[in-house]
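Working notes for the structure below.
Please read all numbers here as calculations on a predicted model, not as lab measurements. Proteins come first, then strands; the chains are lettered A, B, ... in the order of their sequence lines, and each starts at number 1.
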Amino acid sequence: MKVPREIDLSLVTEAVKGLLIKANISIGQDIYNALVHARDRVEESPVGKYVLDQIIRNHDIARSDQMPICQDTGMAVVFTDIGQEVVFRGGNLVQAINSGVEEAYREGFFRRSVVADPLFDRKNTGTNTPAVIHTRIVPGDRMTLLVTPKGFGSENMSALKMFTPAEGPEKVRDFIKETVAAAGPNPCPPTIVGVGIGGTVEAAAIMAKRATLYPIGRRNTDSRYAALEIESLAAVNDLGIGPGGLGGRVTCLDVHIDFAPGHIAGTPVVVNICCHASRHAEVTI
Amino acid sequence: MKYAGRIVTPLTDKAVLSLRSGDKVLISGIIFTGRDAAHRRIADSIGGNRPLPFDLNGQVIYYVGPSPTPPGKTCGSAGPTTSGRMDPFTPLLLDLGLKGMIGKGTRSSEVIDSMVRNKAVYLGAVGGAAALISKSITRMETVAWPELGPEAVFRMRVEDFPVVVLIDAYGKNLYETGPRQYLRDPAGRPGEE
């Protein structure tokens, strides 16, 4: 029998902390490059170019001054894929992740934006915990942590719709377009749109969130879904919302779609919007 | 895109009326912060006839909940939050003399009507440009409700804070006129100009 691999949970805490500090301060190169390309090659609107230029300069300042890119340093969403041969030592996994979140937000001088009760007293937990944790058990003896601090200007503009089997890809594309149109300037365009299609309501929502984190330019390996991504991106950019919502060609940097097997009677579609500051970082331990 | 000019707070009617939707301007002077929780408390204070933490007359409110101030800095990152959540409270504040708002995102027709009636202006800072904006903030102090943390009311001194006039005192709205110029119909033809 194979000997399980031990991972000390202090490593998990350190990893989550490091990833959140990095993600909140330093944008991924793919997003940075896409913003520069949009400003220099795509955007026609003068005010749109101005907004893109401010966003790019903001990334430069955040990185050089070690300041958060956005004051909304989000709720910490943690995707963790855990090899089934891993055994954790030294405590409890959820606490270890939350300790990493708490330390990152304290030491990074990040805003704590989590309230303990969402409806009644709305009292801030003071630690930015708990994190939203999505766990998958996978083969192997490694553990992958993918974190994203999710801001709520864009989260608030996300949407769910249940489609009937008779409704085809055009209807899904229209729903994506309608969701982005209704969001207008509020989610801080140019956005990254993640779409989850199929499964159940919660499965589609998790797929959509993961899809917002794919690299710019990544296409679904199924050519039909890849085509839907490209068509949806064009449809969204035809809206003219533009950077900051002030009018322009670049409303969205990319649309990423994921799908899963679904039920014969219906198809949930979740459109999750991420602002231009799509902050995320990943490590395998 | 060139700057149309500089404005200094507190704002006079004349200064407000000189601004046009789409103008890019630099603001200097004192501004106050306030977002969801502070607006709720300001409205409650007005309703309960209690004094406000600052005189609204001629003032500008910035919708922001800054990140904590790191050692050696004036303030943390401080970009705009979505203004629409403050819409239910805004006409009340405009009636008491508020002249300017800085934020991002659309406003309700009630807010726009009240802005026209009260000669006020809605200015846009770039959402997500929070580290850059913090460079324009030269002083920050808590004015009221420190227990609200980032949602407290802060008095900020700003120098050349870059904003775009989103909705002017004549009701012209860049969120309508701007995107309309770049709208394309599904066949890819340009939309109405």
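With respect to chain B, the highest number of heavy-atom pairs below 4.5 Å among A/Thr73, A/Ile69, A/Asn156 belongs to A/Ile69. The residue among B/Pro150, B/Gly105, B/Gly124, B/Gly128 with the most heavy atom pairs within less than 4.5 Å of chain A is B/Gly128. Contacts with chain B were tallied for A/Gly245, A/Pro243, A/Gly153; A/Gly245 has the most, counting heavy-atom pairs under 4.5 Å. Between chain A and the options B/Gly149, B/Pro179, B/Ser83, the largest number of non-hydrogen pairs under 4.5 Å is found for B/Pro179. With chain B as the partner, the residue from A/Ile61, A/Asn237, A/Ile56 showing the most heavy-atom pairs under 4.5 Å is A/Ile61.
In this structure, chain A has heavy atoms under 4.5 Å from both the backbone and the side chain of B/Pro162. Using a 4.5 Å cut-off between heavy atoms, A/Ser45 touches chain B through backbone and side chain atoms alike. Contact annotation for A/Ala62: both backbone and side-chain heavy atoms come within less than 4.5 Å of a heavy atom of chain B. Looking at B/Ala78, the atoms closer than 4.5 Å to chain A (heavy atoms on both sides) all sit in the backbone: N, CA, C or O. Of the two parts of A/Asp72, neither the backbone nor the side chain holds a non-hydrogen atom closer than 4.5 Å to a non-hydrogen atom of chain B. For a residue to count as touching a neighbouring chain, one of its non-hydrogen atoms must lie under 4.5 Å from one of that chain's; by this rule B/Leu148 does not touch chain A. For chain B, no part of A/Asn124 is nearby; none of its heavy atoms comes within less than 4.5 Å. B/Thr82 touches chain A through its side chain: at least one heavy atom from C-beta onward sits under 4.5 Å away, while N, CA, C and O do not.
Annotation for A/Pro68 and B/Ala131: closest pair O-CB, 3.8 Å, computed over non-hydrogen atoms. Considering all non-hydrogen atoms of both residues, A/Cys70 and B/Ala130 come closest at CA-CB, 3.6 Å.
Residues B/Val126 and A/Asn58 fail the side-chain proximity criterion, which asks for heavy atoms closer than 4.5 Å. Residues A/Pro185 and B/Lys104 have side chains not in contact (no heavy-atom distance under 4.5 Å, counting atoms from C-beta outward). Using a 4.5 Å heavy-atom threshold, the side chains of B/Arg184 and A/Leu239 count as separate. Residues B/Val164 and A/Tyr50 meet the side-chain proximity criterion, which asks for heavy atoms closer than 4.5 Å.
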Walk me through it: do A/Ile241 and B/Leu183 pass the test side-chain contact (heavy atoms from CB on, under 4.5 Å)?
-> CA-CA 8 Å; A/Ile241 293 168; B/Leu183 177 72; over 6 Å; no

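Among the residues in residues 45-77 of chain B, those with a non-hydrogen atom closer than 4.5 angstrom to a non-hydrogen atom of chain A are B/Gly65, B/Pro66, B/Ser67, B/Pro68, B/Thr69, B/Pro70, B/Pro71, B/Lys73, B/Cys75, B/Gly76, B/Ser77. Using non-hydrogen atoms only and a strict 4.5 Å limit, the part of residues 31-44 of chain B facing chain A consists of B/Arg35. Of residues 100-111 of chain A, those residues lying under 4.5 Å from chain B by any heavy-atom pair are A/Phe109, A/Phe110, A/Arg111.
For residues 42-56 of chain A, every residue pair satisfying the salt bridge (charged side-chain N to carboxylate O under 4.0 Å, His left out) rule, not counting sequence neighbours, is listed here: A/Arg39-A/Asp53, A/Glu44-A/Arg249.
The number of heavy-atom neighbours closer than 6.0 Å to CZ of A/Arg224, taken from other residues, nucleotides and ligands shown, is 12 or below.
With hydrogens and angles disregarded, no donor-acceptor distance shorter than 3.5 Å links the side chain of A/His59 to the backbone of B/Ala129.
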